[in-house]
Protein chains: 2
Amino acid sequence: MTTKLSQLKQDFTEGLSQISRFWGFPKGMGAIFAVLYLSPAPLPLDEIVTQTGLTKGAVSTEVRTLARMGLVHRSSRLGDRKDYYEAESDFYKSIRSILKERQNSEFDRAVRSVQETLEKLESGSVSGDEAEVAFVHERVKALQEFFNAIDNLASAVIKLESLGFRNVAKILSVLK
Amino acid sequence: MTTKLSQLKQDFTEGLSQISRFWGFPKGMGAIFAVLYLSPAPLPLDEIVTQTGLTKGAVSTEVRTLARMGLVHRSSRLGDRKDYYEAESDFYKSIRSILKERQNSEFDRAVRSVQETLEKLESGSVSGDEAEVAFVHERVKALQEFFNAIDNLASAVIKLESLGFRNVAKILSVLK
DNA sequence: TAGAACGTTTAGTAATTACTAAACGCAGTA
DNA sequence: TACTGCGTTTAGTAATTACTAAACGTTCTA
């Protein structure tokens, strides 16, 4: 039983859509990436539109956030007003880029608010049952430390410019 | 300027709610965890209800998924029909638990579909332009390898039963 | 065996998020 | 200066997700 390439591409796209949704991104985003990832040449927006079935507007905005994340790259050609998009195929690069992106995000703001909570506790300006305040202090501090650990890990990963995943995995395997 | 403990708790809860949302979980889930995390003693469902402002039904279901993830623990006391919940305070433990949870998830199903796509390509049963098939094959293979790397990493982390995050960070810092 | 105190389920609603359709703005071209 | 081809923005809709309210089933108590 043979499969048509077009069918295979479609299945693949479907799969990436689900993965995208699983990670909390719109499934359309996964589809767009899939189409670009399987294309040997950069594609103009219109081509993405026809291949995904989304509208121009949707593709326009989503391809932009993909670009911000470093998962796709936009380029243009002289004497051609179209923009062309192609997928980043070095996933490790993408991950670093995504991690960087996350650092200036809503997440960071929230983490910072935990930091503020902690500072209030450290400064002794919190009123209430003494034992409970102490307990809360300890817990908030532990959470903050956890966040720091995560942050350090992320920074470390970001800095591994040259290493491929294989190497990282190898290193981790030493720990078993 | 002093802050009331109750106010501080509320701010903290608000912060965790946002973090929860950021990671694609309901904000109520973050709130529930926050309340439990700051409580010196295990709390019955009703108490969570009053402290979060959610309804019994919501708390019931969300606390259950938190438990599945290993972020909270349910316990009961002899001669008391209530269930009591407390937060897991070892975040590293929680992470491992979450990673384990993810392995039997929708995500895995999708990853498997990529695997199947690859197998079709390997078996040479895909019809279409030869060069393009070759290109697609290469790309799909690269993605699959990336998934494997991630998987290995996750497995490695899961196996680090005894190590705290600090140690992992230390090891990673060597790589800088 | 009725009633009370629980947690769970269910059916419906509110809120959020992803998307569409269409107007728009800005080049470049005739 | 109008026309065309492009990407973006916007306003509204569809779909999804989080949540509520209330009925329900169990288990314990009187």
Side-chain angles (χ1 to χ4, degrees), chain A residues 13-14 16-36 42-69 72-86 105-107 110, chain B residues 13-14 16-36 42-69 71-86 105-107:
Chain A
T13 301
E14 175 61 25
L16 277 205
S17 297
Q18 303 215 173
I19 290 175
S20 177
R21 267 203 7 188
F22 180 81
W23 290 106
F25 302 107
K27 78 174 187 209
M29 221 174 99
I32 292 170
F33 180 82
V35 163
L36 292 175
L43 298 179
L45 197 135
D46 264 348
E47 188 56 31
I48 305 176
V49 167
T50 59
Q51 289 201 34
T52 57
L54 299 174
T55 57
K56 243 188 344 162
V59 173
S60 171
T61 60
E62 310 225 321
V63 97
R64 188 141 32 102
T65 82
L66 278 169
R68 243 198 6 248
M69 287 180 168
V72 312
H73 303 290
R74 181 194 306 232
S75 61
S76 39
R77 300 170 181 176
L78 317 87
D80 187 343
R81 288 179 27 238
K82 288 182 198 158
D83 290 343
Y84 288 84
Y85 298 93
E86 62 187 321
S105 69
E106 210 54 25
F107 177 65
Chain B
T13 301
E14 176 60 24
L16 277 204
S17 298
Q18 303 214 173
I19 290 174
S20 176
R21 266 204 8 187
F22 180 82
W23 290 105
F25 302 107
K27 77 175 188 206
M29 222 173 98
I32 292 170
F33 181 81
V35 163
L36 291 174
L43 298 178
L45 197 137
D46 264 348
E47 187 56 30
I48 304 176
V49 167
T50 60
Q51 288 201 34
T52 56
L54 300 174
T55 57
K56 242 185 346 158
V59 174
S60 171
T61 61
E62 310 226 322
V63 95
R64 189 142 31 102
T65 85
L66 279 168
R68 244 198 7 247
M69 288 180 166
L71 280 162
V72 311
H73 302 291
R74 182 195 304 234
S75 60
S76 38
R77 300 170 181 175
L78 317 86
D80 187 343
R81 290 185 20 243
K82 289 180 198 159
D83 290 343
Y84 288 84
Y85 299 92
E86 62 186 321
S105 69
E106 211 53 24
F107 177 66

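So you know, we letter chains A, B, ... as the sequences are listed, proteins then strands, and number each from 1.
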Notebook entry, point to check: Among residues 72-85 of chain A, which residues get a heavy atom nearer than 4.0 Å to DNA chain D?
Noted result: A/Arg74, A/Arg81, A/Lys82, A/Asp83
Next item on the list: With rounding to the nearest 0.5 Å, note down the distance linking OG in A/Ser17 to CZ in A/Phe22.
Entry: 15.0 Å
Notebook entry, point to check: 5'-most contact on DNA chain D: A/Lys27 or A/Ser60, nearest heavy atom basis?
Noted result: A/Ser60
Next item on the list: Taking the side chain as every heavy atom from C-beta outward, state whether A/Thr13 and A/Leu16 have any atom pair closer than 4.5 Å.
Entry: no
Check: Which salt bridge (charged side-chain N to carboxylate O under 4.0 Å, His left out) pairs, counting each pair once, include a residue from residues 75-84 of chain A, with sequence neighbours left out?
Finding: A/Arg74-A/Asp83
Please list every donor-acceptor pair under 3.5 Å in which a side-chain atom of residues 60-67 of chain B meets a protein atom from a residue at least two apart or in another chain.
| from | atom 1 | to | atom 2 | distance (Å) |
| --- | --- | --- | --- | --- |
| B/Thr61 | OG1 | B/Ala58 | O | 3.0 |
| B/Glu62 | OE1 | B/Met29 | N | 3.1 |
| B/Thr65 | OG1 | B/Glu62 | O | 3.3 |

Margin query: Expressed as a whole number of angstroms, how long is the span from B/Leu45:CG to C/dT8:P?
Written below: 7 Å
Next item on the list: Please identify each residue that fulfils side chain to side chain donor-acceptor pair (under 3.5 Å) with B/Glu47, with sequence neighbours left out.
Entry: B/Gln51
Notebook entry, point to check: Between which nucleotides of DNA chain D, 5' to 3', does chain A make heavy-atom contacts below 4.0 Å?
Noted result: D/dG5 to D/dT9
Item checked: Set of residues satisfying salt bridge (charged side-chain N to carboxylate O under 4.0 Å, His left out) with respect to A/Arg68, sequence neighbours excluded -> A/Glu101
Check: Can you list the residues that meet the side-chain contact (heavy atoms from CB on, under 4.5 Å) rule with B/Thr52, with sequence neighbours excluded?
Finding: B/Ala31, B/Ile32, B/Val35, B/Ile48, B/Leu54, B/Val59
Note to self: Restricting to ring-ring contact (aromatic ring centres under 6.0 Å, His included), what partner residues turn up for A/Phe33, sequence neighbours left out?
What the structure shows: A/Tyr37
Notebook entry, point to check: In Å, rounded to the nearest 0.5 Å, how long is the span from OG of B/Ser75 to OH of B/Tyr84?
Noted result: 8.5 Å
Next item on the list: First locate atom CG of B/Leu43, then atom OG1 of B/Thr50, and finally report the distance between them rounded to the nearest 0.5 Å.
Entry: 8.5 Å
Checklist line | Contacting residues from residues 49-59 of chain A, given that a heavy atom lies under 4.0 angstrom of DNA chain D | finding: A/Lys56, A/Gly57
